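What's counted below: heavy atoms across the whole structure, side chains too, no hydrogens, waters or symmetry copies. Both ligands and their constituent atoms are indexed starting at 1 by order of listing. Here the structure is a predicted model, which means the values were calculated and not measured.
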Amino acid sequence: MESWIYGVLHRCTHFRDIVHCGLFIGLLLGIWQATALEMSVGKIPFIEAVNGSTVLLPCTYASCIGIKNLYFNWQYDDNGTMEKVCEAVIPNENMEPHVNIFRERVEFVGTSKTSNVSILLWNITFDDEGQYTCYGRNPKEKGRNHSAIFTLIVVDKLRVVDNTLTLIIAAAVGGSIGLLMAFMLLKNFTLYVLAKIEEKNKECLVSSSGIDNTENGLSGSKAGSKTPKKA
Ligand SMILES: *[C@@H]1O[C@H](CO)[C@@H](O)[C@H](O)[C@H]1NC(C)=O
Ligand SMILES: *[C@@H]1O[C@H](CO)[C@@H](O)[C@H](O)[C@H]1NC(C)=O
Ligand SMILES: *[C@@H]1O[C@H](CO)[C@@H](O)[C@H](O)[C@H]1NC(C)=O
Ligand SMILES: *[C@@H]1O[C@H](CO)[C@@H](O)[C@H](O)[C@H]1NC(C)=O
Ligand SMILES: *[C@@H]1O[C@H](CO)[C@@H](O)[C@H](O)[C@H]1NC(C)=O
């Protein structure tokens with residue numbers, strides 16, 4: 001694979017058109033970007049949980065060219081110093097890692113089958129609150145590394161006040177959207193009725209006077225074509 005790339009790059013010196021080489025290198029960089037190891041904690045990178053409950057700290061990895069001896073760990077940011085929570089090496093896609101755990105109440109629940117390196121944090125306390133970093137390094141990608149941060153917020157009880165506030169806001173927003181829609185419907189309806197009335201009036205005016213065809217080309221011709229029917 002790599003010798004092929006070098007072969008093509010070497011041929012770049014023979015290309016008359018340097019632009020082609022630039023394009024090729026750009027393409028290579030694009031592929032390089034696409035294959036890079038990526039750790040992900042999901043779309044919502046935080047959780048708010050009650051003191052004493054058990055939470056999942058989610059993390060998955062992805063690499064287009066696959067993994068070999070992927071090293072990963074979880075770290076807890078203890079006021080600036082990174083404290084290792086657990087670590088392991090995943091030999092390949094089909095082998096489960098043997099995970100070393102350094103923190104109490106931590107359980108590894110991931111599986112290589114789904115590229116999952118999530119952990120469970122049992123019976124959380126307020127001291128568990130903070131940022132957890134999921135880090136990975138893939139030797140198959142020249143040791144490329146990547147990490148993602150998941151934040152744990154520990155609360156006494158899930159705030160009811162916030163929920164009612166959310167409800168109020170939702171109701172207010174919903175209500176005003178409803179009002180706005182009603183208003184727009186009403187406005188459109190009114191405009192429609194007004195337009196109809198105006199049309200009627202014009203028709204009436206035109207048909208009743210029957211002479212002023214030059215006032216407006218359209219209404220004039222319209223009136224002109226209609227007048228015989230009505231007459
Ligand atoms: C957290 O929960 C535990 C068990 O429910 C309780 O013993 C402890 O007092 C709680 N801590 C605080 C600060 O509320
Ligand atoms: C965190 O560190 C700062 C300064 O380094 C210190 O003032 C603060 O008390 C520390 N907080 C805790 C919870 O250890
Ligand atoms: C969590 O708390 C429950 C009840 O207090 C206890 O039975 C369980 O062993 C605890 N789990 C861990 C991992 O500490
Ligand atoms: C990872 O594994 C845990 C435990 O089995 C599961 O709850 C979670 O949904 C998995 N995450 C993904 C992204 O598959
Ligand atoms: C991650 O990779 C970068 C280069 O891509 C390197 O400079 C850095 O030291 C690596 N970090 C760790 C923790 O391995």
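By the 6.0 Å contact criterion, CG on Leu191 is enclosed, its count of non-hydrogen atoms from other residues, nucleotides or ligands being greater than 12. Atom NZ of Lys68 sits in a sparse spot, with 12 or fewer heavy atoms from other residues, nucleotides or ligands closer than 6.0 Å. A 6.0 Å sphere centred on CZ of Phe102 holds more than 12 heavy atoms belonging to other residues, nucleotides or ligands.
Aromatic rings from Phe72 and Phe108 are positioned such that their centres are separated by under 6.0 Å. The ring of Tyr132 has its center no closer than 6.0 angstrom to the ring center of Phe150.
Counting protein heavy atoms only, atom 10 (C) of ligand 5 is closest to Asn145 ND2, 2.4 Å. Distance from atom 7 (O) of ligand 4 to its nearest protein heavy atom, with residue and atom name: Leu56 CD2, 3.7 Å. Protein heavy atom at the shortest distance from atom 6 (C) of ligand 3 is Asn123 ND2, 4.0 Å. Of the protein's non-hydrogen atoms, the one nearest atom 4 (C) of ligand 4 is Val109 O, 3.6 Å.
Which parts of ligand 3 touch Arg105 is read off a 4.0 Å heavy-atom cut-off, strictly below it: atoms 14 (O). Close approach of ligand 4 to Ser118 (heavy-atom distance below 4.0 Å) involves ligand atoms 1 (C).
Salt bridge status for Arg103 with Asp128: present, with a side-chain N to carboxylate O gap under 4.0 Å.
Distance screen at 4.0 Å: atom 2 (O) of ligand 3 has a protein heavy-atom neighbour inside the cut-off. Counting protein heavy atoms under 4.0 angstrom from atom 14 (O) of ligand 3 gives one or more.
When the options Asn116, Ile119, Leu120 are ranked by their closest heavy atom to atom 12 (C) of ligand 4, first place goes to Asn116.
Looking at Thr60 against ligand 4, only its side chain comes within 4.0 Å, counting heavy atoms.
The side-chain contact (heavy atoms from CB on, under 4.5 Å) with Val109 is formed by just one residue from the set Val117, Leu56, Ile119; it is Leu56.
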